[in-house]
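Atoms considered below: every heavy atom in the structure, side chains included; atoms not considered: hydrogens, waters and symmetry mates. Model, not experiment: these values are computed from the prediction. In what follows, every chain begins at residue 1, and chains take the letters A, B, ... in the order their sequences are listed.
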Amino acid sequence: MPKFARVLPDMSLDKTFDYKIPAGMDLRLGCRVRIPFGRTERTGYVVDLVDKSDFPENRLKAIAVNEGHLIPEKMMQLGQWIADYYCTGMIQSVRNMLPAPVRKDKVKEKTQKLLSFAEGIQPPSLVPELEKKYPPRAAVVKALLGLKEAPQALLMKVANVSASPIKSLLKAGILEEEVRHVERDPFGDEEVIISKPLELTDEQTDAFKLITNEMDEEKPATVVLYGITGSGKTEVYLQAIAEALSRGKQAIVLVPEISLTPQTVHRFRSRFGKQVSVLHSGLSEGERYDQWKLISRGETQIVVGARSALFAPFHNPGIIVVDEEHEPSYKQDSHPRYNARDIAVMRGIMDKCPVVLGSATPSFETMNNANQGKYKMAKLTQRPSTAVVPSIKLVDMRTEAAATGSNQIFSRELIESVKQQLHDRMQTILFLNRRGYSTHLTCEKCQYTSKCGDCSTSHTYHRKSNVLICHLCGDIKEPPTKCPDCGHKDLSFSGLGTEKIERLCRGVFPNARIARMDSDTMTRKDSHKTMLGDFQQGKYDILIGTQMIAKGLHFPRVTLVGVVFADAGLNMADFRAAERTFQLLAQVSGRSGRGDDAGRVLIQTYNPTHPALQCALEGDFDAFYEDEKMGREVMKFPPFSKMVLIHFRGPEEGPLASLASDFSQHLSKACTKDDRLMPAVPSPIEKVRGQYRYQLTIFSDNIRRLVRVLNWLRLNYKAPKEYKIIIDVDPQSLM
DNA sequence: AGCACGCCGACT
DNA sequence: GTCGGCGTGCTC
Ligand SMILES: [Zn+2]
Ligand SMILES: [Zn+2]
C-alpha cells in the first residue's frame with residue numbers, strides 16, 4: 001500500500017489534497033473517504049495513491065474513514081479523461097458519475113418487517129384449538145404455514161383478516177417479526193415470463209458473430225449495427241449480451257430517454273429477469289439508489305438506462321450497447337458536456353470490451369468512422385415478410401403555387417388526403433420539422449431563408465438590431481424587406497409555428513378533433529404522455545406537433561403523416577441540418593406498419609431536389625452519406641475537423657461583447673495553423689432570462705492540443721463577476 | 001466552495 | 001461597546 005492518498009474534496013474547489021493512509025486501511029482509486037479539512041471534516045474521493053507528496057510530509061493529516069469503494073478504478077481514469085477532454089474540473093466529472101442519491105447518501109435503506117413462526121413453535125398443533133376460540137388467528141397460522149414468512153400486508157390478504165389477530169399472535173409469542181433490508185422495486189409487481197432466444201436470420205447471425213468475435217480480441221473494436229426499422233437489432237443485442245454474461249462479464253445498454261419505455265425495459269427483463277437493473281429519470285431517489293447499489297455489489301449484471309447509465313459501476317463490462325446512437329440527447333447539456341456515445345467508445349477501450357452502436361440512421365460521424373475502418377459495420381437490411389412500409393411522396397410546393405396562383409401551407413393533395421382520413425375515421429399526424437427555437441428569417445410563403453455564402457449556413461436574425469448575422473463567421477447583412485424569391489412581404493422571424501398550423505387546420509377541417517403538441521402547450525411533465533395516450537385512444541383525429549410527437553408515428557390507426565415543410569429543418573443554422581432532416585424523414589418513412597395498411601407519408605417542400613429529401617424518399621442512406629460528405633469536407637465541418645463552441649453569458653451586453661472578444665484575443669495567441677478561430681458573435685438567441693449571450697466557434701485539426709489550451713484558459717482567465725465562460729467540445733446544439 | 005479572520009460602519 | 005457587512009486567504 002502506498003504511503004499517501006491524493007484526495008479530491010467533494011466541493012466545487014477542484015483541488016486535490018494529500019493525506020496519510022492509516023495502517024490497515026485498504027484504499028483504492030475511487031474510494032469515498034472522510035477527511036479532516038481545515039477545522040472540519042468532509043467527504044472526498046481518492047484520485048491517486050502516491051509515495052511522495054508535494055506538501056511537507058510532516059504536516060499531512062490522516063484519512064479519517066474509508067466509506068468504501070464507490071467508483072471502479074478504470075472509471076476514475078475515464079472520469080479524468082472526460083474532465084480533460086470536455087474542459088471541466090475533475091470534481092464535476094466525478095460527481096457526474098454518481099447518481100445524486102448515492103453521492104448525497106441521504107437515502108435510507110428500505111426495510112420490511114417479515115413475520116414468521118417463532119422458534120420452537122409447532123404451528124400445525126395449534127390450529128385445532130385456535131379454530132375453536134379465534135378463527136381469524138387460525139386462518140393466519142394456516143396461511144403462514146404455506147408462506148413460511150411474509151410481510152404483514154401479504155399475510156392479511158392471504159388469510160383475509162385484519163391486523164389484530166396478527167398482533168395477538170405476536171404478543172402470544174407464536175409469531176415473530178424480523179426487520180430485513182429490501183430493495184425498492186421499480187418494476188412494480190410486473191410478472192416476467194422468460195423468453196427464449198429467437199432464431200437469428202443470416203444477417204443477424206453475421207452481426208452477432210462480428211460483435212462476439214470482438215469479445216476475444218485484445219483490443220475489441222466498436223461495431224456499428226446499421227439496421228432498418230423492424231430488422232431485429234434488439235434480438236442481436238440480447239444474444240450478444242447473453243454471450244458477454246456467459247463469459248462472466250456485465251452489460252450496459254444505453255437507450256435515449258424518450259425511448260426508455262416500460263416496453264423497452266421489458267424486452268430485456270423478459271430475457272434476463274432479475275439480472276436486469278434500470279437507471280433513468282423516472283425512478284424515485286430511493287429506487288435509483290437501490291438500483292445503483294445492486295450494480296455496485298455485483299448483484300445484477302445488466303443495466304438498461306439513459307445517458308448516465310454509462311457510468312454504471314460494473315467492474316468488468318463485456319459489452320456496451322448504444323441504441324439509436326445518432327440521438328442528440330446522448331450529449332449532456334450541462335458540465336461535463338460529454339456525449340455518451342463517444343464516451344461509451346472510450347469506456348470500451350478502457351474496459352477492453354466491444355461497443356455496439358445501433359441505429360437505422362447512423363450519425364454522419366459514426367458512418368465516417370465505419371467507412372474509414374475505425375469501426376466495424378454490420379447491416380440488417382431485411383424486415384419480416386409480414387411487415388408493410390408506407391408509401392412516401394414528395395409534394396412540390398412550387399408547382400402547387402403555380403397551379404393555385406399563390407403559395408400555400410397545405411397542398412391540395414394533403415387536404416384531400418386528410419379529408420379521406422376523416423371520412424375513413426383514421427388518424428393523421430401533421431409534422432413540423434423543427435427543432436427548438438427558430439432563429440432565422442424565413443419567407444412564410446416559400447420558405448426562402450438567407451444563407452451565408454462562405455459558411456453555407458443560414459443567417460441568424462437579430463430583431464433588436466434588425467440584422468442578419470452568420471453565427472460562424474460574423475458576416476452581417478441587412479435583412480431584405482421582401483422575399484427575393486417570391487416577392488412576399490412577410491418575412492417571419494419565428495418561422496411557421498404549430499399554432500398557426502393548428503389555426504389553419506381548424507379552418508380547413510372544422511369538424512375534425514385537433515390536438516397540438518409542442519413545448520409551449522406541454523408545460524406539465526406528463527401532459528405530453530397524456531395527450532399521446534388520448535390520441536392513441538382515438539380521442540383526436542389530427543395531431544399537430546414537432547419532434548416530440550415522433551412516438552405517435554407508430555400508432556396503428558395513424559395512416560397518414562404529413563410533413564408540412566421539410567424545408568424548415570433544412571434551413572436551421574446548423575451544419576447538421578441536412579443530416580437531422582434526413583434522419584427525421586427516414587424515421588417517419590420507416591414507421592413500421594402492422595396489419596395491411598402502413599399508410600402514406602406526404603412530404604411538402606419547396607426544395608424537392610435536395611439530397612436529404614431525395615435520399616430519404618428512396619431510403620438510400622449511402623447516397624445521402626456521399627453527398628453530405630462532399631459538403632462537409634469542403635467546409636471542413638465535423639467530422640473533418642473538431643469543433644468547440646464557447647459561450648459567454650452575462651447581465652450586460654457591452655461588457656459581454658468586450659469579454660468575448662478579449663477572450664478571443666487571448667485564445668488566438670495560443671492557436672496554430674491547425675485551428676480556425678471564428679469571431680465572437682451574439683448567439684442566435686441573444687438573451688435568455690436576463691442573461692445576454694455571445695459565442696465563438698473554433699474548428700481544429702488538433703483537438704487534444706486545443707483542449708489543453710482551453711483548459712489552461714479555464715483555470716487562468718478570470719471572467720468578471722457575474723460573467724460566465726462555458727466551453728462546449730463537440731457541440732450538438734450550435735445555439 | 002466553505003469557513004474563519006478581520007477591519008469598518010450603525011445601532012443598543 | 002457589540003452586531004454584522006463581505007473582502008481575503010487558506011484548506012493536505
Ligand atoms: Zn458565414
Ligand atoms: Zn418567398
Side-chain angles (χ1 to χ4, degrees), chain A residues 1-71 73 76-77 79-80 82-84 86-107 285 308 311 332-338 647-652 655 659 689 691 710-728:
Chain A
M1 177 61 62
K3 280 152 77 184
F4 309 120
R6 195 149 285 167
V7 178
L8 189 61
D10 191 6
M11 42 186 188
S12 310
L13 174 58
D14 204 43
K15 276 196 172 127
T16 58
F17 296 82
D18 294 348
Y19 286 86
K20 284 191 282 209
I21 303 172
M25 188 182 277
D26 178 30
L27 282 184
R28 283 181 275 173
L29 296 199
C31 278
R32 181 162 67 187
V33 290
R34 294 288 293 172
I35 44 167
F37 195 73
R39 56 216 74 202
T40 57
E41 197 180 83
R42 21 188 82 255
T43 310
Y45 302 93
V46 176
V47 292
D48 209 355
L49 294 167
V50 292
D51 281 312
K52 265 190 79 66
S53 175
D54 302 331
F55 199 73
E57 292 183 4
N58 56 349
R59 284 176 55 203
L60 293 182
K61 296 181 181 173
I63 294 195
V65 187
N66 179 6
E67 292 190 332
H69 193 217
L70 256 70
I71 305 173
E73 273 105 330
M76 292 301 285
Q77 200 188 327
Q80 186 64 60
I82 290 169
D84 293 343
Y86 291 105
C87 300
T88 73
M90 178 61 174
I91 185 59
Q92 304 211 54
S93 183
V94 169
R95 282 179 178 176
N96 177 59
M97 295 194 289
L98 297 170
V102 174
R103 190 165 63 82
K104 285 181 275 171
D105 208 23
K106 286 239 169 94
V107 177
E285 292 232 310
S308 63
F311 302 110
Q332 183 156 64
D333 56 13
S334 59
H335 283 314
R337 296 166 188 267
Y338 70 98
H647 300 275
F648 303 88
R649 309 263 157 92
E652 282 182 272
L659 170 67
R689 274 175 267 112
Q691 292 275 300
L710 290 171
N711 266 318
W712 188 87
L713 280 169
R714 177 174 69 86
L715 297 171
N716 296 290
Y717 187 95
K718 289 273 166 280
K721 215 170 182 283
E722 298 194 270
Y723 289 80
K724 267 212 198 87
I725 301 171
I726 300 152
I727 301 169
D728 189 358

| message | Restricting to ring-ring contact (aromatic ring centres under 6.0 Å, His included), what partner residues turn up for A:F4, sequence neighbours left out? | response | none
| Over how many whole Å does the gap from A:K3 atom NZ to C:dC12 atom C1' extend? | 15 Å
| Do A:L13 and A:F37 come close enough that some side-chain heavy atom pair is under 4.5 Å? | yes
| Listed partners of A:Y86 passing ring-ring contact (aromatic ring centres under 6.0 Å, His included), at least two apart | none
| said: Any heavy-atom pair between the side chains of A:M90 and A:M76 that's under 4.5 Å? | reply: yes
| message | Please report the interatomic distance CD1(A:I726) to OG1(A:T88), rounded to the nearest 0.5 Å. | response | 13.0 Å
| request: Please list all pairs passing the side-chain hydrogen bond (donor to acceptor under 3.5 Å, both in side chains) test where one or both residues lie in residues 712-723 of chain A, with sequence neighbours left out. | output: A:D662-A:Y717, A:N711-A:R714
| Among residues 6-14 of chain A, which residues get a heavy atom nearer than 4.0 Å to DNA chain B? | A:M11, A:S12, A:L13
What's touching nucleotides 5-9 of chain C from the protein side, N or O pairs under 3.5 Å?
none

| query | Taking atom types as modelled, is there a side-chain donor on A:N96 or A:Q92 under 3.5 Å from an acceptor on the other? | reply | no
| query | Can you find a heavy atom in the side chain of A:Y338 that is under 4.5 Å from one in the side chain of A:S308? | reply | yes
| field | ring-ring contact (aromatic ring centres under 6.0 Å, His included) involving A:Y19 - partner list, sequence neighbours excluded | value | none
| query | In residues 58-68 of chain A, which ones come under 4.0 Å of DNA chain C, going by heavy atoms? | reply | A:R59, A:L60, A:K61
| For A:H647, what residues pass the ring-ring contact (aromatic ring centres under 6.0 Å, His included) criterion, not counting sequence neighbours? | none
| task | Kindly indicate whether the side chain of A:K104, heavy atoms from C-beta on, has any atom under 4.5 Å from the side chain of A:E285. | result | yes
| Just how far, in rounded Å, is C1' of C:dT11 from CZ of A:F37? | 4 Å
| message | Considering only residues two or more places apart or on different chains, which pairs with a residue in residues 56-67 of chain A satisfy side-chain hydrogen bond (donor to acceptor under 3.5 Å, both in side chains)? | response | A:R32-A:E67
| note | Value for CD1 (A:I82) from CZ (A:F311), rounded to nearest 0.5 Å, stands at 3.5 Å
| field | Option among A:L27, A:T43, A:V65 that satisfies the side chain to side chain contact (heavy atoms under 4.5 Å, CB included) test with A:V33 | value | A:L27
For a quick test of your reading: what N or O donor-acceptor pairs under 3.5 Å do the side chains of residues 45-52 of chain A make, sequence neighbours left out?
{"residue": "A:Y45", "atom": "OH", "partner": "A:D10", "partner atom": "OD2", "Å": "3.4"}
{"residue": "A:D51", "atom": "OD1", "partner": "A:K3", "partner atom": "N", "Å": "3.2"}

| query | So where does chain A start and stop touching DNA chain B, 5' to 3', when the test is distance under 4.0 Å to a non-hydrogen atom? | reply | B:dA1 to B:dA4
| field | Any residue of residues 39-57 of chain A with a heavy atom less than 4.0 Å from an atom of DNA chain B | value | A:R39, A:R42
